[in-house]
Number of protein chains: 2
Amino acid sequence: MSIQGRRERERAEREQLIVTAARELAEAEGWDAVTTRRLAAEIEYSQPVLYSHFKGKDAIMAAVAVQGFAEMAAELRAARAAVEGTRESLTAVAEAYTSFGRRRPALYDAMFTHRVDLPFATQEAPKALWAAFGELLQAVEPTVTGDDDPGTLTETFWAGLHGLVTLMRSGRLPEEAHETRLALLVGHFTTP
Amino acid sequence: MSIQGRRERERAEREQLIVTAARELAEAEGWDAVTTRRLAAEIEYSQPVLYSHFKGKDAIMAAVAVQGFAEMAAELRAARAAVEGTRESLTAVAEAYTSFGRRRPALYDAMFTHRVDLPFATQEAPKALWAAFGELLQAVEPTVTGDDDPGTLTETFWAGLHGLVTLMRSGRLPEEAHETRLALLVGHFTTP
DNA sequence: ACAGATTGGCTAGCACTGCTAGAATCCAGA
DNA sequence: TCTGGATTCTAGCAGTGCTAGCCAATCTGT
C-alpha cells in the first residue's frame, strides 16, 4: 500500500511539474516556444514521459488553462470585493478581466483562444471555469432590467471583454484608447 | 515592353491562383490543411515558387485576409442598405457580421484571429479593411449620445461582435442562444 | 543564326515539430 | 540473489516551413 502510495504521489508531483513548467515557459516565451522536447528538458525527463501523463500537447495546454481559470476567478473576486455599487462592481471586474488578459497573454490564450477540447458551457466544465464565470455573473446580475436572462447577459458582456482583449493583443485595436473603450462598454451595460 | 508585360501579367495571375487556392483549401479543410506542399500541389507548381511570391505562409494568409475584408465590407454594406432606421441598421450589420464569421470560419480566422503583420489601426491598413470598418461605423454613428467618439464606440461594438463570434466558434458559448445575445448587445448599444 | 547571359523553376535537403515502437533499466517481491 | 513487471529512455517516423544550388528554357547582342 505504502509503496504504491508513494509512487502515485511522485507521479502526481511530476504531473504538476510538467504543468507549471509548461506555463512558465509559455508565459516567458510564448506557446510557440513550448515544444515537447524543450518541456522535457525543462523537467529533466525524456520526451515520452509527457505522453504517459497527457494525451498530447493540447492536453497539457488544457491543464494550464484550468490553472488559469482558478487564478482569474480569484482576481475577479478580489476586484469585486474591493468596491461597492453595481456600476463600480462591473467596472472593477471588467478592468480586472482585461488586465488579466494583458498581463498573462499566454495563459489567456490557453484559456480562451486556443482550440482545446475542454467542456465549456456544460455541467462537466471544470469547477474553476464556473467560478470565474460566476464572478462575472455576480457583477452583471444587478444590472438586469426587464426579463432578460442574467446568464445570457453575462455571456454577452463577457464576449465584449474578450473581444477587447484579443483584438487589442493582436494589434487590431490601438492600446491607447483601451480605458475609453472599457468605460463605453460598462456604460452601455449599466443603465444610468 | 510587351514581353515583360506578359510576364508580369502571368506572374500576377499565378499569385492570384495561389491566394484563391489557399483560401479554398482553408475554407474546405481548415488552415491546418494548408501546408506549403499541399498548396504547391494544388497550383501544380513546386514549393519554392510560393516563396518567390510571398515571404512565407503568413504572408499568404494575409493576402487571403485582405480578400476577406473586401467581401465582408460588401456584405455589411448590403445588409445596411436593405433596412432603414438606426436600430434596424445596427441589427442588420451585427447579424451580417456574425453570420460572416460563422459561415466562413477560415476566412474570419485569417482576418481577425491569426497573428499576422498587417497594419490595422493605422493609415497604411488595407483599403478593404477600412471599408469594412467604415460600414460598422456608419451603423454605429447614429447611436452616439453625448460627446462620445464614434470611432471608439464602433471599436467597442466591434469587440462585442468579435467576442461573440470567436467564443461561439471555439465552443465556449452555446450556439443556441446566439440570437438572444446578439439582440442584447444591439439593445445595449441603442438607447431606446 | 548562333553563343552567351539571365532568369525561373525544380530537386534535394535542413532543422524542426508532435508523437511512438521497442530496447534498456530499475526495483519490489520471492 | 534472482526474476517479472513496470517504468523510462533511445531512436526513429512522418510531417512542417523554408532554402541552397543545380539545370533548363528563354532572351539579348553580334
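Note that the structure is predicted; figures quoted are calculated from it, not measured. Order of the sequence lines fixes the chain letters, A, B, ..., with proteins taken first and strands second; residue numbering starts at 1 for each chain. FYI, side chains are in, hydrogens and waters are out, and symmetry mates aren't considered; it's all heavy atoms of this structure.
Within residues 12-27 of chain B, the residues having any heavy atom closer than 4.0 Å to DNA chain C are, in order of number, Arg14(B). Within residues 32-56 of chain A, the residues having any heavy atom closer than 4.0 Å to DNA chain C are, in order of number, Val34(A), Thr35(A), Thr36(A), Arg37(A), Gln47(A), Pro48(A), Tyr51(A), Gly56(A).
Per the geometry, CZ belonging to Arg11(A) stands 11 Å off C1' belonging to dA6(D), to the nearest Å. Computed from coordinates, the Asp58(B) CG to dC18(D) P distance equals 7 Å when rounded to whole Å. The nearest whole Å value for the distance from the CH2 atom in Trp31(A) to the C1' atom in dT17(C) is 16 Å.
Ion pairing of Glu10(B) with Arg14(B) is absent here, as no side-chain N (NZ or NE/NH1/NH2) approaches a carboxylate O to less than 4.0 Å. A salt bridge is absent between Glu175(B) and Arg181(B); no separation between the charged side-chain nitrogens and carboxylate oxygens falls under 4.0 Å.
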For residues 40-52 of chain B, tabulate all N or O donor-acceptor pairs below 3.5 Å that involve a side-chain atom, not counting sequence neighbours.
{"unit_1": "Gln47(B)", "atom_1": "NE2", "unit_2": "Thr36(B)", "atom_2": "OG1", "d": "2.7"}
{"unit_1": "Ser52(B)", "atom_1": "OG", "unit_2": "Val49(B)", "atom_2": "O", "d": "2.8"}

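In this structure, the separation between CG on Leu17(B) and NE2 on His53(B) is 9.0 Å, given to the nearest 0.5 Å.
Under the 3.5 Å distance criterion, the side-chain polar atoms of Thr98(B) are matched with a main-chain donor or acceptor of Ala94(B).
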I would like to know whether Arg172(B) and Met111(A) meet side chain to side chain contact (heavy atoms under 4.5 Å, CB included); could you show each step before the answer?
CA-CA 10 Å; Arg172(B) 264 108 174 163; Met111(A) 295 159 66; 5.7 Å; no
Take Arg103(A) and Glu75(A), measure what side chain to side chain contact (heavy atoms under 4.5 Å, CB included) needs, and give me the verdict at the end.
CA-CA 12 Å; Arg103(A) 221 167 49 244; Glu75(A) 290 191 18; 2.6 Å; yes
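Placement of Leu136(A) and Val83(A) in two distinct hydrophobic clusters is found when ILVMFWY residues are connected by side-chain heavy-atom separations under 4.5 Å, directly or transitively.
Taking the salt bridge (charged side-chain N to carboxylate O under 4.0 Å, His left out) definition, one finds that Glu95(B) meets it with nothing, sequence neighbours left out.
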Interface polar pairs with nucleotides 24-26 of chain D, N/O, under 3.5 angstrom:
{"unit_1": "dT26(D)", "atom_1": "O3'", "unit_2": "Arg7(B)", "atom_2": "NH2", "d": "3.3"}

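For residues 100-119 of chain A, the set of pairs meeting the ring pair (Phe, Tyr, Trp, His ring centres under 6.0 Å) definition, not counting sequence neighbours, comprises Phe69(A)-Phe112(A), Tyr97(A)-Tyr108(A), Tyr108(A)-Phe112(A), Tyr108(A)-His162(A), Phe112(A)-Trp158(A).
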